Amino acid sequence: MNYDTLTITEATKIQNQLREEIRIRERNFPIDIIAGADISFNKFSTTVYAGIVLLRFPSLLPVAYSLVKKEVLFPYVPGYLAFREVPALLGAWEQLAVKPDLLVVDGHGIAHPRRMGIAAHFGVLAQVPAIGCAKKVLCGGYEEPGLQQGSESPLIYKDEVVGVALRTKNAVKPVYVSPGHKMDVPGAVEVMKQCLGRYRIPEPTRLAHNTVNLFRTGELSEGYHEVG
DNA sequence: GCGACAG
DNA sequence: ATCTTGTCGC
């Protein structure tokens, strides 16, 4: 798959088309393996380092990870992040010997102007339940959640609850959680609350971020690796 | 027209 | 996103 030559107009059409495939509904499956996905790159470089980390649930202990390096020309444009990151992530996905029951992607799910954030986009293409966990808001508004860890406040866009601002640690900036595919807002939040550890960023995405950075700096190699 | 704007 | 030193607070 290659999105590099798309214009924004064409990318928008793809989003509007893929949106028909999104299924926002109550979770109806158990979670034994959860995963985190992220990419890393050097500023001004077209090389991206993508990775997916598998962790046992609910222990959150890492069990394996898949790393892929790829050239990407599509630029970062707010609202079109998926066109830049999804192709590389799909490469990492195909390399997995075991697929997770659920994937957490660094970015938004349906908390997106066209309800097609990267988590929704990837979830539909890979046909996997997905949740978006972003560090910043793309669209919508919310009231500041309580300062206590676990406090949440609905993220609203055009009168619709598209996600929540979730306080992952006491008195620390919240993260923004939204379902991507085969999940709903309450379900996505419920799962993410079970992914909280010692840091602001929930474990799946935090481990994925650390892993792709080690990959980019040459401390880990491309491929599928089991941990331990 | 103006401001906002995932990674 | 990445780079990067110091500073504030639990």
Side-chain angles (χ1 to χ4, degrees), chain A residues 3-4 6 8 11-12 14-15 18-19 22 36-52 67-90 92 103-124 130-142 147-149 155-158 162-181 185 188 192 197-202 204-219:
Chain A
Y3 285 146
D4 290 342
L6 292 179
I8 294 300
T12 302
I14 290 176
Q15 290 183 328
L18 285 179
R19 186 174 55 241
I22 302 178
D38 193 18
I39 73 161
S40 174
F41 57 89
N42 291 309
K43 201 175 182 178
F44 305 130
S45 169
T46 55
T47 302
V48 300
Y49 300 79
I52 294 178
L67 268 18
V68 164
K69 185 168 83 162
K70 196 178 194 308
E71 291 303 307
V72 177
L73 299 183
F74 197 93
Y76 167 66
V77 180
Y80 299 87
L81 176 65
F83 295 90
R84 181 171 165 72
E85 304 197 350
V86 161
L89 288 179
L90 281 175
L103 179 69
V104 183
V105 183
D106 192 334
H108 293 285
I110 61 169
H112 178 280
R114 291 168 295 286
R115 305 295 195 280
M116 272 307 295
I118 186 170
H121 195 124
F122 188 94
V124 165
I131 293 174
C133 181
K135 299 178 288 300
K136 296 176 182 175
V137 169
L138 208 209
C139 66
Y142 63 96
L147 296 179
Q148 192 92 80
Q149 174 186 76
L155 175 60
I156 297 170
Y157 181 61
K158 292 185 173 177
V162 293
V164 307
L166 174 65
R167 191 81 67 186
T168 54
K169 274 186 54 102
N170 292 177
V172 164
K173 287 193 302 178
V175 297
Y176 308 91
V177 175
S178 61
H181 191 44
V185 172
M192 293 314 290
R198 173 180 178 189
Y199 307 89
R200 176 169 87 114
I201 307 303
T205 290
R206 191 183 72 80
L207 283 185
H209 189 268
N210 288 344
T211 305
V212 292
N213 272 328
L214 291 175
F215 178 31
R216 177 173 58 83
T217 55
E219 295 156 83

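Residue numbers start from 1 in every chain, and the chains themselves are labelled A, B, ... in the order their sequence lines are given, proteins ahead of strands. Only a predicted model underlies this, so the values are computations on that prediction, with no experimental measurement involved.
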| said: Please confirm whether the ring centroid of Y157(A) lies under 6.0 Å from the ring centroid of H112(A). | reply: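 No.
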
| Sub-6.0 Å ring centroid separation between Y80(A) and F74(A) |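 Ring centres of F74(A) and Y80(A) not closer than 6.0 Å.
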
Exam field: side chain [X] to backbone [Y], donor-acceptor pair closer than 3.5 Å:
X       : Y       : result
S178(A) : G163(A) : no
H108(A) : K136(A) : yes
R114(A) : T12(A)  : no

| said: Please give the stem ranges for DNA chain B, sorted by first residue number, where a stem is three or more consecutive Watson-Crick or G-U pairs and both donor-acceptor distances are under 3.5 Å. | reply: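 DNA chain B forms no stems at all.
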
| request: Please check if any side-chain donor atom of T168(A) sits under 3.5 Å from a side-chain acceptor atom of Y199(A), or the reverse. | output: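 There is no such pair (donor and acceptor under 3.5 Å, judged by atom type) between the side chains of T168(A) and Y199(A).
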
| said: Between T47(A) and E71(A), do the side chains contain a donor N or O and an acceptor N or O under 3.5 Å apart? | reply: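 On atom types as modelled, these side chains qualify, holding a pair under 3.5 Å.
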
| field | Residues that D38(A) engages under salt bridge (Lys or Arg N to Asp or Glu O under 4.0 Å), provided they are two or more places apart | value |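 Result, salt bridge (Lys or Arg N to Asp or Glu O under 4.0 Å) vs D38(A): none returned.
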
| task | Check every strand shown and say whether H209(A) touches a base, only sugar-phosphate, or nothing at a heavy-atom separation below 4.0 Å. | result |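 Sugar-phosphate, no base atom in range.
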
Nucleotide N/O of nucleotides 2-7 of chain B paired with protein N/O under 3.5 Å:
from   : atom 1 : to      : atom 2 : distance (Å)
dA6(B) : OP2    : Y76(A)  : OH     : 2.5
dA6(B) : N7     : G79(A)  : N      : 2.9
dA6(B) : N6     : G79(A)  : O      : 3.1
dA6(B) : N6     : Y80(A)  : N      : 3.3
dA6(B) : N6     : L81(A)  : N      : 3.2
dA6(B) : N6     : H112(A) : NE2    : 3.4
dA6(B) : N1     : I118(A) : N      : 3.1
dA6(B) : N3     : H108(A) : N      : 3.1
dG7(B) : OP1    : K135(A) : N      : 2.8
dG7(B) : OP1    : K135(A) : NZ     : 3.2

| request: Could you list where the contact with chain A starts and ends along DNA chain C, reading 5' to 3', using a 4.0 Å heavy-atom cut-off? | output: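 Both ends considered, the range comes out as dA1(C) to dC3(C).
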
| field | Partner residues of Y49(A) under the ring-ring contact (aromatic ring centres under 6.0 Å, His included) criterion, sequence neighbours left out | value |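 Y49(A): ring-ring contact (aromatic ring centres under 6.0 Å, His included) contacts with F215(A).
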
| task | Decide whether a cation-pi geometry holds between R84(A) and F41(A); the criteria are a distance under 6.0 Å from NZ or CZ to the six-membered ring centre and an angle within 45° of the ring axis. | result |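 Yes, R84(A) and F41(A) form such a contact.
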
| said: Quick check: closest heavy atoms across G140(A) and L155(A), and the distance to 0.1 Å? | reply: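 Here G140(A) and L155(A) meet closest at C-CD1, 3.9 Å.
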
| request: Determine which bases of DNA chain C form Watson-Crick or G-U wobble pairs with both distances under 3.5 Å, and write the result as a 5' to 3' dot-bracket string with | for other-strand partners. | output: ..........

| message | Please evaluate residues M192(A) and C133(A) with respect to the criterion side-chain contact (heavy atoms from CB on, under 4.5 Å), reporting the C-alpha separation (whole Å), side-chain torsions for both, the decisive distance (0.1 Å), and the verdict. | response | CA-CA 9 Å; M192(A) 293 314 290; C133(A) 181; 4.0 Å; yes

